[in-house]
Amino acid sequence: MSKNLLFSLIFILVFITLITLSAFIFWDWVKNEPVSTENPSAQEIQELTVFMDDVTTNLADLNYLIRISFAFQVDNKDAKKELEASIHIVESNVIRLLADTKANEMSDSQDLDLIINKLKDIINPILTEGTLEQVHITDRVVSRI
């Protein structure tokens, strides 16, 4: 075997090794690129949202009745499945929370933010597969009986 042929074979092997290594590093980088969660699309939000419609119950002041609906947005699909499976527990907790709430505590956006924060504190311990990210009140009617 001539010296030039041996040198050419070694050069080709080193070149192929470098190309393969570069492709592997690029593939690994593409595969592990973090997914941007700053601005999820409407479809992504829809896929992670569980709706609870038309919960009707008395407030702490029994002369008032509330009909309220929620949209609960979780951080992953496993958490959504878990929340859907335990929605009856969540609804029970919502009714209990509203039973301790007076009509004047449901009057403005700050009051509603307090309700939302209390719901997050109640629901997040139920979830083991993820966390509750957002609670949206999608409908609310408070009426005097």
Side-chain angles (χ1 to χ4, degrees), residues 6-145:
L6 181 63
F7 182 73
S8 296
L9 284 174
I10 290 173
F11 178 77
I12 290 171
L13 286 174
V14 168
F15 182 74
I16 290 172
T17 302
L18 288 176
I19 294 292
T20 304
L21 185 62
S22 298
F24 177 75
I25 290 171
F26 178 73
W27 174 258
D28 191 52
W29 176 74
V30 168
K31 193 172 91 179
N32 294 327
E33 187 174 351
V35 177
S36 175
T37 58
E38 293 178 13
N39 294 319
S41 69
Q43 182 175 356
E44 290 170 331
I45 292 172
Q46 176 73 27
E47 291 173 353
L48 298 175
T49 302
V50 176
F51 294 93
M52 178 186 294
D53 294 325
D54 297 332
V55 175
T56 304
T57 187
N58 292 86
L59 293 174
D61 181 358
L62 294 178
N63 293 327
Y64 289 91
L65 191 69
I66 186 168
R67 182 178 50 97
I68 192 165
S69 299
F70 298 96
F72 301 103
Q73 181 186 340
V74 293
D75 64 343
N76 65 63
K77 290 181 180 179
D78 290 335
K80 180 182 179 183
K81 290 178 186 175
E82 184 179 24
L83 183 59
E84 288 172 335
S86 58
I87 197 71
H88 62 288
I89 298 169
V90 173
E91 187 169 347
S92 171
N93 286 324
V94 166
I95 290 171
R96 291 172 52 93
L97 177 64
L98 294 174
D100 293 336
T101 305
K102 295 180 179 176
N104 64 355
E105 296 173 336
M106 299 287 296
S107 60
D108 61 19
S109 62
Q110 291 177 345
D111 294 334
L112 297 179
D113 288 342
L114 287 173
I115 296 291
I116 287 170
N117 289 332
K118 287 179 182 177
L119 283 174
K120 285 182 180 178
D121 292 341
I122 292 170
I123 296 170
N124 266 324
I126 296 171
L127 300 176
T128 60
E129 301 292 328
T131 59
L132 178 63
E133 296 284 320
Q134 298 284 330
V135 175
H136 301 280
I137 296 175
T138 57
D139 185 29
R140 171 182 65 102
V141 175
V142 178
S143 64
R144 188 177 177 100
I145 301 175

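The basis for the numbers below is simple: all heavy atoms, side chains too, and nothing from hydrogens, waters or symmetry mates. For reference, positions follow the sequence shown, starting with 1. Remember, it's a predicted structure, so these values are computed and weren't measured experimentally.
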* Determine, step by step, whether Val50 and Val74 satisfy the side-chain contact (heavy atoms from CB on, under 4.5 Å) criterion, reporting the C-alpha distance in whole Å, the side-chain angles of both residues, the deciding distance to 0.1 Å, and the verdict. => CA-CA 8 Å; Val50 176; Val74 293; 5.6 Å; no
* **Donor-acceptor contact present, side-chain Arg140 to main-chain Met106, <3.5 Å** => yes
* **Heavy-atom donor-acceptor pair, Asp61 side chain to Tyr64 backbone, under 3.5 Å** => no
* To do: Please assess Asn58 against Ile145 for the test side-chain contact (heavy atoms from CB on, under 4.5 Å), listing each intermediate value before the final yes or no.
  => CA-CA 9 Å; Asn58 292 86; Ile145 301 175; 3.6 Å; yes
* Asked: Would Phe26 and Phe24 count as a close aromatic pair, with their ring centres under 6.0 Å?
  -> no
* Quick one: CG on Leu97 to OG on Ser92, what's the gap to the nearest 0.5 Å? -> 11.0 Å
* To do: Give the C-alpha distance, both sets of side-chain angles, the deciding distance and a yes or no for side-chain contact (heavy atoms from CB on, under 4.5 Å) between Gln73 and Ile45.
  => CA-CA 7 Å; Gln73 181 186 340; Ile45 292 172; 3.8 Å; yes
* Under the 3.5 angstrom rule, does the side chain of Glu82 hit a backbone N or O of Thr128 as a donor-acceptor pair? -> yes
* Any residue meeting salt bridge (Lys or Arg N to Asp or Glu O under 4.0 Å) with Asp54, in chain and number order, not counting sequence neighbours -> Arg67
* **Within 6.0 angstrom of Lys118 NZ, more than 12 heavy atoms from elsewhere** => no
* **Partner residues of Asp78 under the salt bridge (Lys or Arg N to Asp or Glu O under 4.0 Å) criterion, sequence neighbours left out** => none
* Could you go step by step and tell me if Thr138 and Phe70 meet the side-chain contact (heavy atoms from CB on, under 4.5 Å) rule? -> CA-CA 5 Å; Thr138 57; Phe70 298 96; 5.7 Å; no
* Asked: Which residue, Asn93, Leu83, Thr131, Ile89, forms the side chain to side chain contact (heavy atoms under 4.5 Å, CB included) with Ile123?
  -> Leu83
